[in-house]
Number of protein chains: 4
Amino acid sequence: MFLRIQPSSSDPLFEQIVFGVKRAVASGELAAGERLDSVRDLAKQLAINPNTVAKAYAELESQGVIVRRQGAGCFVAERSSPLSDRERNKRLSQLVERLVIEAFHLDFSPPEIRAAVLARLDLHASDQGTSP
Amino acid sequence: MFLRIQPSSSDPLFEQIVFGVKRAVASGELAAGERLDSVRDLAKQLAINPNTVAKAYAELESQGVIVRRQGAGCFVAERSSPLSDRERNKRLSQLVERLVIEAFHLDFSPPEIRAAVLARLDLHASDQGTSP
Amino acid sequence: MFLRIQPSSSDPLFEQIVFGVKRAVASGELAAGERLDSVRDLAKQLAINPNTVAKAYAELESQGVIVRRQGAGCFVAERSSPLSDRERNKRLSQLVERLVIEAFHLDFSPPEIRAAVLARLDLHASDQGTSP
Amino acid sequence: MFLRIQPSSSDPLFEQIVFGVKRAVASGELAAGERLDSVRDLAKQLAINPNTVAKAYAELESQGVIVRRQGAGCFVAERSSPLSDRERNKRLSQLVERLVIEAFHLDFSPPEIRAAVLARLDLHASDQGTSP
DNA sequence: GTGGTCTAGACCACA
DNA sequence: GTGGTCTAGACCACC
């Protein structure tokens, strides 16, 4: 399992693990049903405390990203979001809001923000509607 | 100055203030040069400790969003990020990456994500996806 | 970690700590990746309130000098200013301007100022002035 | 008297005035014996409180930059530093130390720092001794 | 153990 | 009046 932890980051270790796994799942690197490294193994690989890995896995389970099967280990869940559409849309709005506002304060224009998102999504920006 | 704080949120109070001010500045609700509520006033309005507001304002100043002047008050700064283009692009990428991955785990498809972003930016998608 | 604080100085305690750490890093006394004294330890050593040390460390992190990691401690960051060249040059100019003007009012001549700077940088002036 | 005050700066107004006058004196714009604008006039020009200008002038007088003559106004002093050589050298060292350390954290190399100082002093850098 | 947040209250400096 | 510093002490989150 490919997970890079940056000790130079001030993000908590367990959050880096959570996000790393979510990224791997989103990119297809980890497929649904696939088994994750055991808590013990991953802790050894990353040279960190097993409790930290366990906390990350617990968080991933509570988010519906992985499922734990007693004695068998942790597996990537089939579908992740157990939330209502209302809650999902609310969270998406918050994520977008956060992106837009922080990008504004980095002096990026709306078209630049749009371009960055489309590039990441492997879609193509049309130049129409580039008003602001 | 309109700011709503949720004491129940897991987000620290001072971060809620920081983000609230950044949102107000990004939306134009607070214009460059405009004066913010004083530390004491805002603390009174929100029914929290003045030190917490002061911490939020200090953070906003270190991010270049406002300037604080002893005896005068706090004012919205003129916009212009002091960061290098390399750093700005790096941070934008991280923001986009975060959005895309979290949205994926909320079971949103790339077109849905794109639509949500474009809607927030008041731009129009050439190939309209499901709107949030 | 060697840090001397002058409670009698008009400089705030937390700024003295900030500058002391920056000096230690610049001199190589503290190497990149090295761990700083904990907030509580340093506060005990200096006989000041832990909050004051915490404030200094927060300032150092916002300046990119150190990183703070919950539960782990504070570490000297890898060097690399995130600022644009324009901003870096602007700040350098201001620092030099300040030096030159203050030194002038201390009745030092330009050659004397030059000599003092070169001596500090361990370089040698081609046309040696009066050394400080 | 040419003094530009930046309300966008977080430096106290009175310090901006102090530094502005010292800069004007250092550059020769204000010659020794020359009369400064009255407290009242300068306050009107800058559209600030006379108390603030008075505080700046008091600071300049205590530093030996200007002298007040009762009823006649304030004049640029003949020579500024009433300090002992020991104190003068100590202060110069501190100024240089500050420059070098802050410049280091802006990722400037010693030769770059030297070049910036020499350029400001209208001296010429020889390329010998450019080791670090 | 580490750092992080928040409160409460005193006192100082600037305009 | 404004913001800035410092103290004291409680409680939480991370490792």
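Here is how names work: the chains are called A, B, and so on, in the same order as the sequence lines, proteins then strands, and each is numbered from 1.
Taking 4.0 Å as the cut-off between side-chain N and carboxylate O, E29(D) and R23(D) do not count as a salt-bridged pair. The existence of a salt bridge linking R91(D) and E87(D) is confirmed by a sub-4.0 Å separation between a basic side-chain nitrogen and an acidic carboxylate oxygen. A salt bridge does not link R88(C) to D107(D): none of the charged side-chain nitrogens sits closer than 4.0 Å to a carboxylate oxygen.
In this structure, the CD atom of E15(A) is 14 Å from the C1' atom of dG3(E), given to the nearest Å. When rounded to the nearest whole Å, the span between NZ of K44(B) and P of dT7(E) equals 15 Å. In this structure, L13(A) places its CG atom 17 Å from P of dA13(F), rounding to the nearest Å. The distance from atom CD of E61(B) to atom P of dG3(F) is 11 Å, rounded to the nearest whole Å. Protein atom CZ of F14(C) is 8 Å distant from nucleotide atom C1' of dG4(F), rounded to whole Å. Between the OH atom of Y57(C) and the P atom of dT5(E) there is a distance of 17 Å, rounded to whole Å. Between Q70(B) atom CD and dC12(E) atom P the separation is 14 Å, expressed in whole Å. Regarding D11(D), its CG atom lies at a distance of 15 Å from the C1' atom of dA15(E), rounded to whole Å.
A close approach under 4.0 Å does not occur between any side-chain nitrogen or oxygen of R68(C) and OP1 or OP2 of dT2(E). OP1 or OP2 of dC14(E) has not a single side-chain nitrogen or oxygen of T52(D) nearer than 4.0 Å. Dashed line: the shortest gap from a side-chain N or O of K55(B) to OP1 or OP2 of dC6(E) is not under 4.0 Å.
Candidate nucleotides dA13(E), dC14(F), dA15(E) were compared by shortest atom distance to the side chain of P12(D), and dA15(E) ranks first.
Looking only at distances, no side-chain donor or acceptor of E34(D) sits under 3.5 Å from a matching main-chain atom of F75(D).
Summary of the strand contacts: A47(B) and A54(C) both lie near DNA chain E, and taking for each the nucleotide with the nearest heavy atom, the more 5' one is attributed to A54(C). Nucleotides of DNA chain E nearest to V39(C) and G71(B) differ in position, and the one nearer the 5' end is that of V39(C). Of the two residues near DNA chain F, C74(B) and P50(C), the one whose nearest nucleotide lies more 5' is C74(B).
In this structure, I48(A) reaches neither bases nor backbone, as no heavy-atom distance under 4.0 Å exists between it and the strands shown.
Residue R40(D) places its CZ atom among 12 or fewer non-hydrogen atoms of other residues, nucleotides or ligands, all under 6.0 Å distant. The number of heavy atoms from other shown groups lying within 6.0 Å of CZ (R79(C)) is above 12.
Annotation: side chain of E102(A) is in contact with side chain of F19(B) (closest heavy-atom distance under 4.5 Å). Taking the side chain as every heavy atom from C-beta outward, E59(D) and E15(D) never approach each other to under 4.5 Å.
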Pairs under 3.5 Å (N/O, protein and nucleotides 9-11 of chain E):
{"from": "dG9(E)", "atom 1": "O6", "to": "N51(B)", "atom 2": "ND2", "distance (Å)": "3.1"}

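Remark: E61(D) engages R68(D) in a salt bridge (charged side-chain N to carboxylate O under 4.0 Å, His left out) (not counting sequence neighbours).
Put simply, the residue from V21(C), D37(C), V53(C), L36(C) that forms a side chain to side chain contact (heavy atoms under 4.5 Å, CB included) with L3(C) is V21(C).
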**Study point:** Nucleotide-level pairing of DNA chain E, given in dot-bracket where Watson-Crick and G-U pairs need both distances under 3.5 Å and | marks other strands
**Key:** ||||||||||||||.
